[in-house]
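Taking it in order: structure first as structure tokens, then the write-up.
Letters A, B, ... are given to chains in the order of the sequence lines, protein chains preceding strands, and every chain is numbered from 1. Below, all heavy atoms of this structure are taken into account, side chains as well, without hydrogens, waters or symmetry copies.
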There are 2 protein chains.
Amino acid sequence: MTQVRPMRADARRNYERLLKVAAEAFAEHGEGASLDDIAKRAGVGSGTLYRHFPTRQALLEAAYVDRIEALAVRADELGEELPPGEALVEWLNELCVGTIQVRGMKSLLGSAVTDGSAAAVTACGTNMKEAAARLVEAAQREGTLRPDIEPIDVLRLAHGVATASELAKGDRSAIRRYVSLLTEGLRPAR
Amino acid sequence: MTQVRPMRADARRNYERLLKVAAEAFAEHGEGASLDDIAKRAGVGSGTLYRHFPTRQALLEAAYVDRIEALAVRADELGEELPPGEALVEWLNELCVGTIQVRGMKSLLGSAVTDGSAAAVTACGTNMKEAAARLVEAAQREGTLRPDIEPIDVLRLAHGVATASELAKGDRSAIRRYVSLLTEGLRPAR
DNA sequence: ACCTGAACACCGTTCAAGT
DNA sequence: ACCTGAACACCGTTCAAGT
């Protein structure tokens, strides 16, 4: 398939420096961190940043792709350890907490689950959707999840809970309340 | 109290033109609409915009203050027409739908319920929080709402549901599902 | 008292020139 | 093949000059 010729040594060095600096910058200043600043801090011209990462989303995704993959793997682990319903609840918990702790990841998750967005067909989006699908389908077979919920709904709602939690800033009890509310609402009608 | 001297005729004219144009611009381009463009379309210098509305939030709030007030009034109407639990559910429905339909209102609601934000002590924020408090307390007395939920939680969660719904873009059934999930989750534990 | 618009600072993006 | 950084466009914000 897509024959990936190895990068030239300097290109690869720049690519990796950019990723490292970008992760720091997003963590520090949020998803809107200055791209020019990232290039400067990485010691490269701004054009180089654009050559490697044509859009802000591309950089965001590259900087966090390993965390996304870890979350997808975690879904499968939980699916093996716990009954389907509990696995989904626990995964949602970790997903929401993780999304809030790592600034910038929320917007990445968001664009991955936006309908009609070109970014929706990214590796990270597909990864997450497949992971969610496995947990969702198992829980629905078991009867512990509302049957009208689609995998992508779960991801969107996690994004919503993360957004609500951000509004609570320092309030640690709020996020716990919001996640529990989400998982309660996901249970089938009484 | 704050003695409000009437504005000079030209100042008042500009103020009103700015509000009208701003509402249009926010509806068209979202909360990030260009302020310079708003000033130009209103036929005033950019300095005039800043004189009347020192921050983007101030303009946003002024443009939508009537809608916010209508929502607060609506809360009381529903409180008289329906049993407390149903009133809250119906109000949340209208709040979420209204927030999604009017672009720009979501960020206004968001900043109104952000902890530690200076904007939290705005007229619109207090208005909404008081309206929510009346419904929340009544429903909790009735026993149809989880006792650990605070009025501000309800507003933050509505904001979260609106965010999740935005990700679904055109999907009309998604928002219904997300709101129903929120109201289900708000019911006391079984 | 209020308005105007030039001036400034900042940021994203492109591209000609360089290696 | 890749990098650099000047150049451009755009936006928010301030403020001296004008009425």
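Residues from residues 35-43 of chain A with heavy atoms under 4.0 angstrom of DNA chain D, sorted by number: A:Gly43. Using a 4.0 Å cutoff on non-hydrogen atoms, the parts of residues 8-34 of chain B near DNA chain D are B:Ala33, B:Ser34, ordered by number.
Nearest-nucleotide positions on DNA chain D for A:Ser46 and A:His52 put A:His52 closer to the 5' end.
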- [ ] Would you sketch DNA chain C in dot-bracket for me? Only Watson-Crick or G-U wobble pairs with both distances under 3.5 Å count, crossing pairs as [ ], other-strand pairs as |, the rest as dots.
- [x] ||.|||||...|||||.||
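B:Ile38 and B:Val65 are members of different hydrophobic clusters when ILVMFWY side chains are connected at heavy-atom separations under 4.5 Å. Cluster annotation: A:Val89 is not connected to B:Leu181 through the hydrophobic network of ILVMFWY side chains, with a link wherever side-chain heavy atoms come within less than 4.5 Å.
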Contacts table for residues 40-48 of chain B: side-chain donor-acceptor under 3.5 angstrom, sequence neighbours left out:
unit_1: B:Lys40; atom_1: NZ; unit_2: B:Asp36; atom_2: OD2; d: 2.8
unit_1: B:Arg41; atom_1: NE; unit_2: B:Asp37; atom_2: OD2; d: 3.3

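Contact annotation: the side chain of A:Phe53 approaches that of A:Leu19 to within less than 4.5 Å [non-hydrogen atoms, C-beta and beyond]. In this structure, B:Lys169 and A:Thr114 have side chains that are in contact, with non-hydrogen atoms separated by less than 4.5 Å. In this structure the side chain of B:Arg141 never reaches within 4.5 angstrom of the side chain of B:Pro84, judged on heavy atoms.
Side chain of B:Arg134 to backbone of B:Asp76: no donor-acceptor contact under 3.5 angstrom is found. For the pair A:Arg56 (side chain) and A:Ala33 (backbone), a donor-acceptor distance under 3.5 Å is present. Panel note: side chain B:Gln140, backbone B:Ile149; a donor-acceptor pair is recorded below 3.5 Å.
Residues that satisfy the side chain to side chain donor-acceptor pair (under 3.5 Å) test with A:Thr163, not counting sequence neighbours, are A:Lys106.
Ring-plane geometry between B:Phe26 and B:Tyr64 is classed as tilted, the angle between the planes lying from 30 to 60 degrees on a 0 to 90 degree scale.
In the 5' to 3' direction, nucleotides of DNA chain D lying under 4.0 Å from heavy atoms of chain A begin and end at D:dA1 to D:dA6.
Side-chain atoms of A:Ser180 and B:Arg146 include a donor-acceptor pair closer than 3.5 Å.
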